[in-house]
2 protein chains.
Amino acid sequence: MPTDHTRSAILSAAERLYADRGFADVTLRDIVAAADVNLAAVNYHFGSKDELIAELFVTRSLATNRERLNELKEAEAVGGGRADVEAILRALVGPTVRGCLGPNNERSTAARFMIRASIESVPPIRRIKNREIDHLRKFSAAMRRSLPDRSEVDLYWGLHFALAMAHQTIRDSERLSKWSEGTCDLNDVEGIIDRVVAVSAMALAGSEPAKASAKLVAREAR
Amino acid sequence: MPTDHTRSAILSAAERLYADRGFADVTLRDIVAAADVNLAAVNYHFGSKDELIAELFVTRSLATNRERLNELKEAEAVGGGRADVEAILRALVGPTVRGCLGPNNERSTAARFMIRASIESVPPIRRIKNREIDHLRKFSAAMRRSLPDRSEVDLYWGLHFALAMAHQTIRDSERLSKWSEGTCDLNDVEGIIDRVVAVSAMALAGSEPAKASAKLVAREAR
DNA sequence: TTGCATTTCAAACGCATGTATGAAACTATG
DNA sequence: CATAGTTTCATACATGCGTTTGAAATGCAA
């Protein structure tokens, strides 16, 4: 007999419905019907619809962030305080990609909910995402320790690109799948992570500043 | 004296309001008030709210696609039918980035509208985006001509990552700006394009298949 | 001008939504 | 058992939305 049965029934029904059908066309009435509770229960337990959504998103975000930080800490422990570049990147993008991609029938409701949250940007979630930066700072700090000679700018761009590739692959996996006519295997989660990590590691470690400035000159000469 | 004054007044008012405040909280009543026309005019001229949004988005998309294809054609003309990898990538990401980033006060309403369209995913726009693949196919074809020895999979992933970096930089420019505490200059549009092109060109041309399979073995041995 | 088609307008419709209310049912403590 | 606190419930409220209506205004050809 679970404490607060109603509350958790609402949470799980809401998560499932939002994951399946998106935020736009799921109403409180849909949720309470699925949860088999009274309409007023949502406002009683959560205050408002937005606070319900926020609670769902915060819970899942915290879980992902915890996973990321665990991987990061482990990588830094192995390297004696200075983690490998690829390990940092893997800690950053791995948990999210693993959670959100893979065979359809294996994707958890939680993961599908997070995909929705990233596709349909809804006010309560946007507000929370804005506070995500403190968490990211831990990764830029780790990267700074790992590549002390690299310029700050390059570090940020490298991490940003890693997140961009991972995130956009999750958002747009369907488009890539159609575009490539199935050539790109979106179910090979670890392969995808490898690709993202490899490309962003190259971006971080590979290019010499000389090339960049040469390009700059070429452009300005135009 | 423009023909169909009402129609175009609605279009430009709607574009400006959507650009400024997002799709979520701009109503038809807001639009007709800004355009100084009657409420019923929207349905008379466009049929529905969704069709109005669709028309706005289609117009702007076509313009961007045209720009992209012009750059691509030019690049292929220079190379005698076989464009340079970097030129293809530049044609793909350049127009969008140029349109959507840069100093705030220089960004056109059209560009800000397209940013909104990419951040807040709304049904009529989603439907249109799904037909975008035919356009992308021209770029994968060009890339295939440019890198005939490269595997199909790598080509698609490379192009996808290029779009991912460009797109996500536009979407999340604010986050990167805060995260890097202003270190990353989001106003340096051409510099951003250079970075995106450089990284994705490296991804396309750089890594040898040997490394990838080595990684695969390492992972499976784990 | 007459007559017809197009466009504008004020007003209302219908509906779905999130939220509030107040009574009833339940739970647990003394 | 009694009673105070919590939770559930049916129901109603208020509002804002996109859309429709039908009449008035306007433009334009004959």
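Only this structure's heavy atoms are used, side chains among them; waters, hydrogens and symmetry mates stay out. Chain identifiers are assigned alphabetically (A, B, ...) following the order of the sequence lines, protein sequences preceding nucleic acid strands; residue numbering begins at 1 within each chain.
Per the geometry, CZ belonging to B:F46 stands 13 Å off P belonging to D:dT19, to the nearest Å. In this structure, B:D36 atom CG and C:dC9 atom P are separated by 8 Å, rounded to whole Å. Residue B:H5 contributes atom NE2, which lies 15 Å from atom C1' of C:dC9 at whole-angstrom precision. Atom CD1 of B:I10 and atom P of C:dT7 are 12 Å apart (whole Å). B:R7 places its CZ atom 10 Å from the P atom of C:dT7, with the value rounded to the nearest Å. Between B:D4 atom CG and C:dT7 atom P the separation is 6 Å, expressed in whole Å. Rounded to a whole Å, the CG atom of A:L52 is 14 Å from the C1' atom of C:dT19.
A:R171 and A:S118 are not linked by any side-chain donor-acceptor pair at a separation below 3.5 angstrom, with hydrogens and angles left out of the test. Of the N and O atoms on the side chains of B:T96 and B:H167, not one donor lies less than 3.5 Å from an acceptor on the other residue.
Looking at A:D30, its side chain does come within 3.5 Å of a backbone N or O of A:T27 through a donor-acceptor pair.
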Item to check | Per-nucleotide protein contact string for nucleotides 13-18 of chain D (B base, S sugar-phosphate only, - none; heavy atom under 4.0 Å) | outcome: ----BB

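Residue-to-nucleotide proximity on DNA chain C shows that, of B:A41 and A:D25, the 5′-proximal contact is made by B:A41.
Considering only the side chain of B:A40, C:dC9 comes nearest among C:dT21, C:dC9, C:dT7.
For residues 13-51 of chain B, the pairs satisfying ring-ring contact (aromatic ring centres under 6.0 Å, His included) are B:Y18-B:F23, B:F23-B:F113, with sequence neighbours left out.
Applying the 4.0 Å criterion to OP1 and OP2 of D:dT8, one finds that A:H45 has a side-chain N or O inside that range. For the OP1/OP2 pair of D:dT7 and a distance below 4.0 Å, the side-chain nitrogens and oxygens of A:T6 include no atom meeting the criterion. In this structure, B:N38 reaches the C:dA10 phosphate: one of its side-chain N or O atoms is under 4.0 Å from OP1 or OP2.
In this structure B:L39 satisfies the side chain to side chain contact (heavy atoms under 4.5 Å, CB included) test together with B:L28, B:R29, B:V32, sequence neighbours excluded.
Aromatic ring pairs are classed by plane angle as parallel below 30°, tilted from 30° to 60° and perpendicular above 60°; the pair A:W157 and A:F161 is tilted.
With respect to B:E71, the salt bridge (Lys or Arg N to Asp or Glu O under 4.0 Å) criterion is satisfied by exactly one of B:R66, B:R90, B:R98, B:K138: B:R98.
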